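Data first, discussion second: the structure below is written as structure tokens.
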Number of protein chains: 2
Amino acid sequence: MTMARTCAAYNLRRASRLVTQAFDQALSPTGLKVTQFSLLVSFLLSPGSNMVQLAHWLGMDRTTLSRNLKVLEKRGLVEMVPGEDRREQQVRITPAGRKLFEQACPLWFRAQERVVGGIGHEKWAALAKELRSLVAGLK
Amino acid sequence: MTMARTCAAYNLRRASRLVTQAFDQALSPTGLKVTQFSLLVSFLLSPGSNMVQLAHWLGMDRTTLSRNLKVLEKRGLVEMVPGEDRREQQVRITPAGRKLFEQACPLWFRAQERVVGGIGHEKWAALAKELRSLVAGLK
DNA sequence: CCGCATTGCGTGTATATACATTTATTATAC
DNA sequence: GTATAATAAATGTATATACACGCAATGCGG
């Protein structure tokens with residue numbers, strides 16, 4: 001029964017659940033979940049990309065991205081604008097979205113410090129690097 | 001904008017998504033998802049525990065566990081039996097559940113090999129250890 | 001042009017997840 | 001012993017996730 005301890009899905013999913021809870025709690029004054037915060041970051045980092053590109057970068061199904069966007073759109077934090085290719089939708093952050101994002105940043109930072117502090121920044125840096133390798137092997 | 005690369009939630013959630021997809025695909029002949037497979041493992045490992053204990057061990061909200069169980073129960077893979085304390089529910093795997101679990105094991109193994117093979121077993125062992133430290137710091 | 005493959009995106013359905021609240025049972029204070 | 005606190009679990013609601021499928025726009029071979 002070594003499965004329980006070594007299973008990649010089990011270990012990653014459990015860590016993901018707990019870390020998500022920590023970040024969601026920290027971000028709760030803004031009403032943002034960490035998923036939504038990450039989406040805002042990715043829009044800011046790659047303003048011109050369409051949904052397919054974003055989804056691939058996030059390692060997230062296209063339809064998941066689509067539905068997560070709806071939540072942000074409903075709150076008026078982002079808006080969808082059709083691209084030149086009229087099949088495409090592009091995402092644009094609204095002023096309200098940008099403002100909320102800036103309010104969220106220090107909260108994010110505190111959560112990150114708390115979570116990463118548990119093992120130390122150097123170990124986290126190494127861990128994150130391994131995670132990226134793992135992800136690269138699956139994409 | 002170092003957030004994008006270092007954010008613990010982002011990195012873990014993305015890795016979790018991709019790894020989950022890999023395991024779910026591998027397990028698809030059984031109709032089990034890796035979440036469900038993990039639940040079966042945990043029931044087999046700790047037969048007497050109630051939901052609170054299981055949820056804590058899994059780093060999962062009680063209500064999430066409750067609802068994930070429903071899916072297994074609906075398929076007749078587990079059954080709920082009331083404990084001595086009539087507030088408690090105990091989980092018991094049915095023969096059908098045990099049989100399906102055994103069918104799933106080799107599929108799980110192949111997925112694990114594929115995922116872990118991307119970075120090597122030793123690196124995975126180290127990574128899993130760090131993940132457990134991280135989790136321990138949050139519980 | 002026109003027909004068809006491709007591409008980008010949305011919907012239907014199902015599971016996964018958690019917080020707030022509620023219900024039922026047990027334990028405890030008095 | 002009863003009133004109240006504490007505990008175990010389920011429900012209501014909302015987001016997160018992905019697969020199968022369908023629709024609209026584009027590109028391309030003839």
Side-chain angles (χ1 to χ4, degrees), chain A residues 9-10 12-39 48-56 58-75 77 80-91 138, chain B residues 9-10 12-28 30-39 49-56 58-75 77 80-91 138:
Chain A
Y10 169 70
L12 278 167
R13 287 180 68 83
R14 184 178 52 163
S16 170
R17 278 194 297 270
L18 288 164
V19 167
T20 299
Q21 285 172 40
F23 276 82
D24 282 354
Q25 274 178 24
L27 292 174
S28 66
T30 64
L32 286 174
K33 305 207 156 211
V34 70
T35 307
Q36 300 167 7
F37 182 80
S38 295
L39 285 186
S49 7
N50 65 13
M51 309 264 273
V52 172
Q53 294 168 317
L54 279 171
H56 184 260
L58 291 161
M60 181 185 283
D61 191 88
R62 198 176 43 75
T63 64
T64 302
L65 176 57
S66 194
R67 285 189 158 110
N68 290 350
L69 265 171
K70 283 263 169 67
V71 181
L72 294 175
E73 206 182 357
K74 205 166 55 181
R75 279 189 71 185
L77 304 177
M80 309 296 294
V81 288
E84 297 178 24
D85 183 333
R86 263 179 301 173
R87 288 171 299 187
E88 280 187 15
Q89 295 276 310
Q90 287 187 351
V91 189
L138 290 174
Chain B
Y10 169 70
L12 279 167
R13 288 180 68 83
R14 185 178 54 163
S16 171
R17 279 194 296 270
L18 288 164
V19 167
T20 299
Q21 285 173 38
F23 276 83
D24 282 354
Q25 274 179 22
L27 291 174
S28 66
T30 64
L32 287 174
K33 304 206 156 212
V34 71
T35 308
Q36 301 167 6
F37 182 80
S38 296
L39 286 186
S49 7
N50 64 14
M51 309 265 273
V52 173
Q53 295 167 316
L54 278 173
H56 185 260
L58 292 161
M60 182 184 282
D61 192 88
R62 285 169 244 184
T63 64
T64 302
L65 177 57
S66 195
R67 287 189 156 110
N68 290 350
L69 265 171
K70 284 262 167 69
V71 181
L72 294 175
E73 206 182 358
K74 207 166 53 179
R75 278 189 70 185
L77 304 177
M80 308 296 294
V81 288
E84 297 178 24
D85 184 333
R86 263 179 301 172
R87 289 171 298 188
E88 280 186 16
Q89 295 275 309
Q90 286 186 352
V91 189
L138 291 174

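Bear in mind that the values here come from a model prediction, so they are computed numbers and not experimental data. Letters A, B, ... are given to chains in the order of the sequence lines, protein chains preceding strands, and every chain is numbered from 1.
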(request) Round to a whole Å and report the spacing from CD of A:Gln90 to C1' of C:dC9. (result) 14 Å
(message) Give me the atom names and distance for the closest heavy-atom approach of B:Arg13 to A:Ser16.
(response) CG-OG, 3.6 Å
(request) Just call it for A:Thr64: base, sugar-phosphate, or nothing, with non-hydrogen atoms closer than 4.0 Å on any strand. (result) base
(message) If I compare all heavy atoms of B:Ser28 with all of B:Gln25, which pair ends up nearest, and what's the gap?
(response) OG-O, 2.8 Å
(request) Measure the distance from CG on A:Leu65 to C1' on C:dG8 and round it to the nearest whole Å. (result) 12 Å
(request) Work out which heavy atom in A:Leu32 is nearest to a heavy atom in A:Leu72; give both atom names and the distance. (result) CD2-CD2, 4.3 Å
(message) Would A:Leu58 and B:Tyr10 count as a side-chain contact (heavy atoms from CB on, under 4.5 Å) here? Give the steps.
(response) CA-CA 9 Å; A:Leu58 291 161; B:Tyr10 169 70; 3.7 Å; yes
(message) Nearest 0.5 Å, please: how far is NZ in B:Lys70 from CE in B:Met80?
(response) 8.5 Å
(request) Round to a whole Å and report the spacing from CZ of A:Arg86 to P of C:dT7. (result) 20 Å
(message) With rounding to the nearest 0.5 angstrom, report the CG to CG distance, B:Asp85 to B:Asn50.
(response) 8.5 Å
(message) How close do A:Leu138 and B:Ala22 get, counting heavy atoms only, and between which atoms?
(response) CD2-CB, 4.4 Å
(message) Heavy atoms within less than 4.0 Å of DNA chain D: which residues of residues 13-21 of chain A have one? Give them sorted by number.
(response) none
(request) Counting heavy atoms from C-beta on, name the nucleotide in D:dA18, D:dT17, D:dT15 closest to the side chain of A:Thr63. (result) D:dA18
Short N/O separations, protein against nucleotides 1-8 of chain D, under 3.5 angstrom:
{"unit_1": "D:dT7", "atom_1": "O2", "unit_2": "B:Arg87", "atom_2": "NH1", "d": "2.9"}

(message) Taking the nucleotide of DNA chain D with the nearest heavy atom to each, does B:Gln53 or A:Asn68 sit closer to the 5' end?
(response) B:Gln53
(request) Report the distance from atom CG of B:Asp61 to atom C1' of D:dT15, rounded to the nearest whole Å. (result) 14 Å
(request) Grab the CG-P distance between B:Leu69 and C:dT15 for me, whole Å please. (result) 13 Å
(message) With a cut-off of less than 4.0 Å, is there a side-chain N or O of A:Lys70 near OP1 or OP2 of C:dT11?
(response) yes
(request) Could you please name the option among C:dT15, D:dT11, D:dT17 that lies closest to any side-chain atom of B:Gln36? (result) C:dT15
(request) For B:Thr35, report the nucleic acid contact type (base, sugar-phosphate, nothing); a contact means any heavy atom under 4.0 Å. (result) sugar-phosphate
(message) How many whole angstroms separate atom CZ of A:Phe23 from atom P of C:dA18?
(response) 16 Å
(request) Compare every heavy atom of B:Leu39 with every heavy atom of B:Leu69, then report the nearest pair and how far apart it is. (result) N-CD1, 4.4 Å
(request) Find the distance between NE2 (B:His56) and CE (B:Met51) and round it off to the nearest 0.5 Å. (result) 16.0 Å
(request) Could you state the atom-to-atom distance from CZ of A:Arg67 to C1' of C:dG10 in whole Å? (result) 8 Å
(message) Just the rounded figure in Å: distance from P of C:dT17 to NZ of A:Lys33.
(response) 13 Å
(request) Please list, chain by chain and in numerical order, all residues satisfying side-chain contact (heavy atoms from CB on, under 4.5 Å) with B:Arg62, sequence neighbours excluded. (result) B:Val52, B:Ala55
(request) With the side chain of B:Gln25 defined as its heavy atoms from C-beta on, choose the nearest nucleotide among D:dC19, C:dT17, C:dG12. (result) D:dC19
